[in-house]
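Values below: all heavy atoms of this structure, side chains included; hydrogens, waters and symmetry mates excluded. Read the numbers this way: they start at 1 and go in the same order the structure lists the ligands and their atoms.
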Amino acid sequence: MILEIDRITMKFGTLAVLDDISFGVKEHSIHGVIGPNGSGKTTLFNVISRIYTPSAGEIRFAGNNIIPLRSHQLAKLGIARTFQLLRVFPSLTVLENLMLAMTPREKTTIIDDFLSTPRMNKQEAEMREQAYEVLKMIGLERKANNPTDGISVGQRRMLQLGLAIISKPRLLLLDECVAGLDPENVEKLVRLLQYFRNDLNITVLMVEHIMDVVLRVCDRITALDYGRLICEGTPGEVVENPDVIEAYLGKA
Ligand SMILES: Nc1ncnc2c1ncn2[C@@H]1O[C@H](COP(=O)(O)OP(=O)(O)OP(=O)(O)O)[C@@H](O)[C@H]1O
C-alpha cells in the first residue's frame with residue numbers, strides 16, 4: 001500500500017466528521033472515495049493533503065507518517081494535488097504557467113538569469129520541451145501560447161491535471177475533478193487518468209461526487225456516509241452493497 005489511512009478521526013467541536021476511518025491505497029491504482037453530500041469526503045481530502053490535522057489516527061505514505069508534515073511539504077515526497085480553483089497567473093500563457101510549475105533540475109543563479117548564460121538557456125529549452133510533452137498529453141498543445149484566462153472550463157480542468165503531474169508525483173490527489181465537465185471532457189479525463197496509472201505509474205486517489213465516473217475508472221472504491229466507512233471494494237462490490245444503496249437512495 002502506498003497510502004495507508006489508519007484510524008483517522010476528525011472532530012469539529014464534539015461532532016466527528018470522520019469517525020475511525022481506515023483503508024489502504026494500492027500503488028499504481030486508481031482509488032475512489034465516494035459518499036453522499038456531507039459524508040466527509042472533502043474533510044478526508046483535506047486531512048490527507050495536510051490542510052486539517054486529524055483528532056486521532058495516522059496517515060502513512062510509503063511507510064512514513066505524514067501527519068507531522070505541512071501541506072507544502074508533500075510535493076517533495078511525491079504527493080501532488082489539484083485545487084478547486086485553478087491556481088495560475090491568468091495573463092501568462094498556458095505554456096508559461098506549466099513551466100512555472102516545474103522545479104528546475106539544476107540550480108541557476110541570479111547572474112545566470114540576468115546574463116542569460118548557456119546553462120540557463122539549456123535548462124529553459126529542456127523545461128519547454130517537457131512542458132510541451134505535458135501539453136500534448138492533456139490535449140492543449142494548440143493553446144500553448146494563449147493567455148490562460150481565455151481557455152474553456154474543460155481546458156482549465158485539463159491544465160489543472162497537467163500542473164499537478166508536471167513534477168512527476170507518485171501519488172495524485174484529486175478533489176471533485178469531474179463536476180462541471182461536459183460529456184466530451186469527462187471522456188478525456190477518464191482516458192487521462194488511465195494514462196497516468198498505466199503509462200506514468202502514478203497512483204490516483206480521487207474524492208468524487210459523480211458516481212458513474214468513479215465506477216468506470218477506479219480499481220477500488222471506499223464509500224463514506226456520515227463520516228463512517230460503510231464499504232470498501234471493487235466497483236462491482238460497491239454498487240451492490242446494501243449500505244451504499246441505502247446511503248444514496250435514502251438521500252435522493
Ligand atoms: N470546518 C468545519 N467546521 C464544522 N463542520 C464542518 C467543517 N467542515 C465540514 N464540516 C461538516 O462536516 C460534514 C462533512 O463535510 P464534507 O464537506 O467533508 O462532506 P462532503 O462529503 O465533501 O460533502 P459534499 O459532497 O457536499 O462536498 C458536514 O456536515 C459539514 O457541515
Side-chain angles (χ1 to χ4, degrees), residues 3-25 30-59 61 66-67 69-72 74 79-87 153-154 156-157 160-161 164 171-182 185-186 189-190 193 203-218 220-233 235 237-239 241-252:
L3 187 73
E4 294 160 280
I5 315 293
D6 188 4
R7 310 205 65 175
I8 288 292
T9 292
M10 177 84 217
K11 288 184 178 169
F12 292 115
T14 53
L15 177 75
V17 169
L18 295 173
D19 189 2
D20 204 19
I21 303 282
S22 298
F23 65 93
V25 176
I30 303 180
H31 192 115
V33 176
I34 59 164
N37 286 334
S39 56
K41 302 181 297 295
T42 304
T43 305
L44 180 63
F45 185 88
N46 285 335
V47 169
I48 298 171
S49 56
R50 301 304 308 108
I51 309 251
Y52 291 158
T53 295
S55 320
E58 215 174 85
I59 298 180
F61 174 70
I66 61 167
I67 297 293
L69 302 182
R70 304 290 297 273
S71 200
H72 67 271
L74 296 183
I79 304 177
R81 59 162 294 187
T82 55
F83 295 88
Q84 289 280 341
L85 292 173
L86 187 60
R87 292 184 167 189
V153 174
R156 291 171 88 86
R157 200 64 61 79
Q160 230 168 13
L161 289 173
L171 175 67
L172 173 61
L173 305 173
L174 299 180
D175 186 16
E176 311 223 352
C177 63
V178 186
L181 288 183
D182 59 29
N185 277 304
V186 169
L189 183 95
V190 164
L193 296 183
T203 306
V204 177
L205 177 68
M206 58 191 302
V207 170
E208 188 54 66
H209 194 75
I210 311 220
M211 209 44 175
D212 59 338
V213 173
V214 179
L215 291 175
R216 275 180 57 198
V217 83
C218 290
R220 289 192 79 77
I221 297 173
T222 299
L224 304 181
D225 192 28
Y226 292 113
R228 295 219 169 92
L229 191 155
I230 54 168
C231 177
E232 224 274 301
E237 288 162 353
V238 168
V239 278
N241 182 278
D243 292 335
V244 174
I245 296 169
E246 167 70 23
Y248 276 89
L249 291 182
K251 292 178 188 179

**Q** Does the Thr9 side chain pair with the main chain of Asp20, one donor and one acceptor, at a distance under 3.5 Å?
**A**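 Pair found, side chain donor or acceptor close to backbone of Asp20.
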**Q** Sort out the contact shell of ligand 1: every protein residue with a heavy-atom distance below 4.0 Å, listed by chain and number.
**A** Phe12, Val17, Pro36, Asn37, Gly38, Ser39, Gly40, Lys41, Thr42, Thr43, Tyr52, Glu176, His209
**Q** Hey, can you tell me if Phe12 and Tyr52 have their rings parallel, tilted or perpendicular (30° and 60° cut-offs)?
**A** perpendicular
**Q** Under 3.5 Å, side chain of Arg50 to main-chain N/O of Leu69, donor-acceptor pair present?
**A**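 Yes, because the side chain of Arg50 sits within donor-acceptor range (under 3.5 Å) of the backbone of Leu69.
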**Q** Where the side chain of Ser55 meets the backbone of Lys11, is there a donor-acceptor pair that is under 3.5 Å apart?
**A** yes
**Q** Hey, does the side chain of Glu208 reach the backbone of Val178 with a donor-acceptor pair shorter than 3.5 angstrom?
**A** yes
**Q** Can you check whether Gly35's main-chain N or O pairs, donor with acceptor, with Tyr248's side chain at less than 3.5 Å?
**A**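 Answer holds: yes.
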